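Below, each value reflects all heavy atoms present in this structure, side chains not excepted, and no hydrogens, waters or symmetry copies. Position 1 is the first residue of the sequence; numbering continues from there. Predicted model only: the values in this text are computed from it and were never measured.
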Amino acid sequence: MVAAMLVRSALPWVPRGSRRDARRLTGSALGRRAPALLGVAFALLLGCSGAAPPPAARPARVAVKTPPAQPKAPEGPPLLPARVIAELDDEDATPYFARRGDDALLLYAAGGRWRTRALGPDGAPRGDTVDAGPAAADVPVAALRATPQGYLAAWIEQAEGSRAVRVLALDPAGKPIAPASLVAQTAEEISWLDVLPNAQGALVLWEMPREARGDAAGADVDRVDVVMTVVALGKGAAIKPTAPASVAREVLGWHAVATERGAAVAVVLPPAAPRARGERKPARKAEAEDAAEDAKLGSVALLEIDAAGKVSAPVVVSPEPTAQIDLEIGAVGGRYLLTWTDERDIDGAVYLAAVEPGGKVVVAPRQATPPSGEQALVSLVAPAQGGGGRALLAWEDLLRARGGEGGGAGARGPGRLIHLATVGPDGALGAERAALVFSASGPPDLAIDGDGFAAVTLAPATLKMARDGAAAPPVWPTFVRFGPDLSVRAAEPVRAAPFAATDGVPYLVRGLTCHAGACVTLASAAAGPQPGVAAGARAPLALVSLPVREGAWRAPAFREDKDPPPRATAVRALADGDSIAKVAAVELDGGAALSAWVTYFVDGASDGAPRGQDLSATLAVRAVSPGGLGKLNVLSQKASSLGGVAIAAAPPLPADAKGKGGAAQSESVIAWVARERGETQVYLTKVDATGAKVAQKKLTTVPRKKQGGAASEASDVAIAYDGAGGFIVAWVDTRDGNAEVYAARVDRALNRTAPDRRITNAPLDAAEVQIAMRGQEAWLVWSDARPAGDAAAGGGAAGQAGAAAGGGAAGQGGAAGQGGEPGGDIFLARLDAKTLQRIGDESRLHASSEHSRSPVLAPIEGGLFVGWIDEPADEAGGGAAAGGRARFVRVDGSGAVQGPPVVVSGPDGAAVSSLALACDKICRGVLASAPGDSVVLNAFTLAPGDVSAPSLKPLAWLTGGASQDVSPAFAGRSGASLFFADDAVSGSGRVRWMTIAWP
C-alpha cells in the first residue's frame, strides 16, 4: 500500500487522531499554525487509499493545494500523458486507489453511492463505472486495499451522534461480492481506520481517542485505544468479521504494517513516571511546562497480530520515555524497521531500531543520521510486502539551509528541505543523500519505484534555461524520480490536458504509486466556475503518468552528499533552559574544546527566583570532543547577563621532575561578572579540561553603591592567555562615571600580578571590549561613543591619524544621525603584556556616521584582522537603525590599518546581527542575519589582501526568532568548531555546537 497523498498548498499540516498534539518539526512555520485553517485541514486530510507497497496503518498524509495566485506559467514544455477516469461531485472529495498486480481499482463516492472503476496496466478504464452500494453523507475516513480475492474497502460513517465501521468486499472488477457489513457501532469517537490484508483475509484496525487525563506528572495527555476485527475472505459471498477486540489501550501513538502472517503494530507507551530532568535542562524555570511536554513522550514497543486476531505480548524496543508519537514501522528484508523522533539528547533526533518477527530486537535504538540540531521524522517508505531491497527514510533538519539556498545543484526558490537516504534491514543508512524541496507543511508523497524511488512535491517550477534573478516562479505539484543511488532521473511539474483551464496544473494531486517501472498519480481539477468551464461542472479526476524523459524543467531535488564546503557536518545541543545572552569558546588539545555561556536575566523582568534565594543569570560550561559531550557544569546562578562571559586556555603545566603529579593537565580560566546583593564584580574561575571548577577568585572589589544614584556596573568581560604563565583580563566599568575599558593581569593561580588599569579616558561610553595577544603585547578593540575630535582622548593626536588610515573622515567619526549623538566607532589600543601600559596612542580603525558595534578580532601573521557591525544611523536622531552590515580591516604589527575596509552585507540585504572570526593562513567567518522571520548563519572566507566582499553560503537556518542575538564564537584558529545560541521550537534557550567542513 502507498499512502494516499494530497498535494495541495499552503495549509498547515495537522496530524490525524492522537498525533494532532505532536511536537512535529515542520519548518519555519512550526508553532505558528493558523487556527482558522485547522478545520479545513482536517477535512482534507482524512482519507486513505490503497496501492501496492505494504499496508501501514496511520500513514503520513498531507493536503497541499496548488496556490490560486500564481505568476505566469512558463511556456513550451509538453504536458504529461493523462486519462480522465471519473468526475467528482466536490473537488475536495477523496478518491481511493489500489493496485493489484498490473491492474488497479478506483473507489469514490458520487451522488450518495459508492462507485468503482477497474483500470488496466496503462491506466485505461476496463468497462463502465460500477455502482457498489450506498455511501453515507459523512465518511471522514476510508481505506481500499488489494487482497488475494480482489479488494476490500472499509470506512467510518458518522450519523446522528453514532459512529459505525463498515467493510465491503469487491471482486477484481470492482463488483461487490456481498452488501457492506457492519463491523462496529458506538457513540464514541472513531478517528482513524485502516485495512491490513494477509494471506487468509484481512485485519481492520481503528483508533478511538480517550479523553485527556492527568498522568503521573500532572499533565493532561491525549491517548488512544486501538481496536480490530478479523475479516475472513473465503470463497462464499458472506463476509464474517469477528467481534471488535482490543489491540492496545491508552497508548500515545501507533503505526502498523501488514504481513503475510497478520500485522505488526508499533506503539508509543506513556511513561510510568515523569522523566528525571537531570543535567539535560539545567536552571529551567518552567518546570510545569517541561512536565507537560515530557508527558507527550513515551517508550516504544512492538506487538504482532496473527491472521486469527491473536495479539502477542508487547516487546519493549526502546525503554527510554523519550519517543515522540510520530512512530512509523516498515518491513524490510524479513525484519521490522521502527523509526521515530526521539528527545533523549536535548534536540529531537531521528532514531531507528530493527526487530525480527517474534520480537527479538536485533538492532538496538540508535540515532539514524549525524546530529544536526533539531530533527523530525518525515516518513519511512518500505518495499512491497515480502519484498527485499531498501527502504527510504525522509527527515527534516531545522538547522540546515532551506530549499534553494543550500548550494545544491538545481534547487531554487523557497521551501523546506526534506532529506532522503536509503536504509537496509540492519538500520544503516546508505552513503548517498538527496534533498527534496517542499513548499508546504507536512510530508511530500513518496513511493518505491522499482529499485529507485519517486516523489510528488510542491515546489517552484522553473526551466533549466531560466535566468537567475528572474521573476518569482509559480509553485506547482512536481514529480521527481530517483535512481537507486538517489540521483535524479527525471523531474517535471504535474501538468496535463484535462486541466487546460489552469495552465494544465491540477487543483489536487494525490495517491502516487509505481509498478513495473511506471509511476502514476491521481489529479483532480476544482469544481465550480473556471475559465472555459461551465458553472456547476463536476471536478474531473485524471490518472497522470509520470515518465522518465528528457525535459526542460529544473528539478526541485539534488544529491546532497555532493554539496561543496563550507557546510555544517554536525550540530549538537549542549544545554537547554533559559534564553542565552552570551557564548564563549576555547580550543583544547586533541580536537577538544570548552564552551561557556551565561543565560539572559533582567532584574524585575525574568522569572522570579525561589523565595529567599538571590538568583540571577546562570553561568555554565561544557567540554566537547570528537568522542562526544562531557558533563554539563553549572558554575553559578548569580551571574550578570550584561557582564558576558569569556574563556582562555593555558597550555598544560609540565609534569614534576620526579614524576609526581601525574599527566600534565590543561587549564582554562573563565571571566564573568557576578551580581550579589545588587552589586556586580568581575570573577575568574579556573576549570580543568572537563569543565569542572578548580579554583575561583574575585578580580574586582570595587564599592558599587552610590547615594542618590545608580550603582556602578562591570560588564563585557574579555580574557586572553598572555603566553608567559598568566592571563590578561579586560572589561568595561562605570566606577568613574561613564563606561571605560579596564584591564588587569593574574597568574595561573588567579593571583593579581598587575592592578586594575584604566585604559580609556573619553567623555562618553566604551563597550564590548575584546582582547588578543600578539607576542608580548595585548591588543584591545572596543566600540567607543567618543565624539569627533576626541579620537585619542588622553593619547594625543595619533587617533586622528588612525582614523585617516581607516579611510574615514575624522570629522564624521561617532556622529550617529541628525540628533548629533555619538554612535560609536571601533578603537584599538596596544598594551605591554607585563605592565599593561599603553604602547602608543589609541587609534580609530574606521570613522563613519554609522553606529559601530560588536567587534571581533583574530591574530594573523604580521598583525590581526578586526571585524565589526555598522548599523545605519536612525534618521530621527540618535541611535541605530536596522540594516547593519559587517566591515573587516587588516591591521599590521604597528596597529596601522592596511587598506579600506571590506564590506559584507547580509543575504538579500538583511541586517547583520553578529559575527564570528577565526584566522590562520586565511580568515574564516560566520555571519548571522535575519532575511526573514528567523536567523540564518552564513559562512565565508577572507584572505589577506582581499578588497572585494566574499561570497556567503548558508550553513543553517536557526529556530529562534529574527531578533535573537546568537552570539557565535569559534574555538580555535581553524574555524572547525562554532558555538552559538538558539531558541528551540519549544521556546527554551539552547547552546549549540556546530562542526564545519571548510574548503
Participant: Check step by step if side-chain hydrogen bond (donor to acceptor under 3.5 Å, both in side chains) holds for Tyr683 and Glu676.
Facilitator: CA-CA 12 Å; Tyr683 274 73; Glu676 296 178 308; 3.0 Å; yes
Participant: Name all residues meeting the side chain to side chain contact (heavy atoms under 4.5 Å, CB included) criterion together with Ala976; count only those two or more places apart in sequence or in a different chain, and write none if there are none.
Facilitator: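 For Ala976 the side chain to side chain contact (heavy atoms under 4.5 Å, CB included) partners, ignoring immediate neighbours, are Ser974.
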Participant: Before giving the answer on side-chain hydrogen bond (donor to acceptor under 3.5 Å, both in side chains), spell out for Thr753 and Asp747 the whole-Å C-alpha distance, their side-chain angles and the decisive distance to 0.1 Å.
Facilitator: CA-CA 7 Å; Thr753 58; Asp747 61 18; over 6 Å; no
Participant: May I ask you to check whether Arg675 and Ser616 show a side-chain donor-acceptor distance below 3.5 Å?
Facilitator: no
Participant: Do Trp998 and Thr941 have side-chain N/O donor and acceptor atoms under 3.5 Å apart?
Facilitator: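 Thr941 and Trp998 do not have a side-chain donor-acceptor pair below 3.5 Å.
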Participant: Apply side-chain hydrogen bond (donor to acceptor under 3.5 Å, both in side chains) to Thr680 and Glu713, showing your working.
Facilitator: CA-CA 6 Å; Thr680 58; Glu713 296 282 342; 3.2 Å; yes
Participant: Taking the six-membered ring for Trp and the full ring for Phe, Tyr or His, determine whether the centres of Phe970 and Phe980 are under 6.0 Å apart.
Facilitator: no
Participant: Please determine, by modelled atom types, if Tyr721 and Glu667 share a side-chain donor-acceptor pair under 3.5 angstrom.
Facilitator: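 No.
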Participant: Would you say the side chains of Thr700 and Gln681 form a donor-acceptor pair under 3.5 Å?
Facilitator: yes
Participant: Without swapping roles, check the side chain of Glu740 against the backbone of Ala766 for a donor-acceptor pair under 3.5 Å.
Facilitator: no
Participant: Is there a side-chain contact (heavy atoms from CB on, under 4.5 Å) between Val866 and Val891? Walk through the geometry before answering.
Facilitator: CA-CA 7 Å; Val866 182; Val891 181; 4.2 Å; yes
Participant: Any side-chain to backbone donor/acceptor pair from Ser848 onto Glu850? Under 3.5 Å, distance only.
Facilitator: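 Yes; at least one donor-acceptor contact below 3.5 Å.
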Participant: Show your reasoning for whether side-chain contact (heavy atoms from CB on, under 4.5 Å) applies to Trp779 and Leu864.
Facilitator: CA-CA 9 Å; Trp779 290 36; Leu864 52 78; 3.3 Å; yes
Participant: Are Ser636 and Trp672 linked by a side-chain donor-acceptor pair shorter than 3.5 Å?
Facilitator: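 The answer is no; no qualifying pair exists.
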Participant: To the nearest 0.5 Å, what is the distance between CZ (Arg830) and CG (Asp841)?
Facilitator: 10.5 Å
Participant: If only atom types and distance count, is the side chain of Asp982 paired as donor or acceptor with the main-chain N or O of Gly960 below 3.5 Å?
Facilitator: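 Flag set: sc Asp982 to bb Gly960 pair under 3.5 Å.
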Participant: Determine, stepwise, if the pair Asp892 / Gln898 fulfils side-chain hydrogen bond (donor to acceptor under 3.5 Å, both in side chains).
Facilitator: CA-CA 7 Å; Asp892 68 13; Gln898 302 297 297; 2.9 Å; yes
Participant: State whether the side chain of Asp832 and the backbone N or O of Lys834 hold a donor-acceptor pair below 3.5 Å, judged by distance alone.
Facilitator: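 A pair under 3.5 Å: yes.
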Participant: Taking side chain to side chain contact (heavy atoms under 4.5 Å, CB included) as the criterion, tell me which of Thr995, Val571, Leu937 meets it with Leu978.
Facilitator: Leu937
Participant: Ignoring hydrogens and angles, tell me if any N or O in the side chain of Arg973 forms a donor-acceptor pair with the backbone of Cys919 under 3.5 Å.
Facilitator: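 Looks like yes, one N/O pair under 3.5 Å.
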Participant: Out of curiosity, Ser595 OG to Ile670 CD1, how far, rounded to the nearest 0.5 Å?
Facilitator: 9.0 Å
Participant: Establish, from distance only, whether the side-chain atoms of Ser967 and Asp965 form a donor-acceptor pair under 3.5 Å.
Facilitator: no
Participant: Just verifying a value: how many Å separate Leu619 CG and Ser640 OG, rounded to the nearest 0.5 Å?
Facilitator: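 Separation between the atoms: 11.0 Å.
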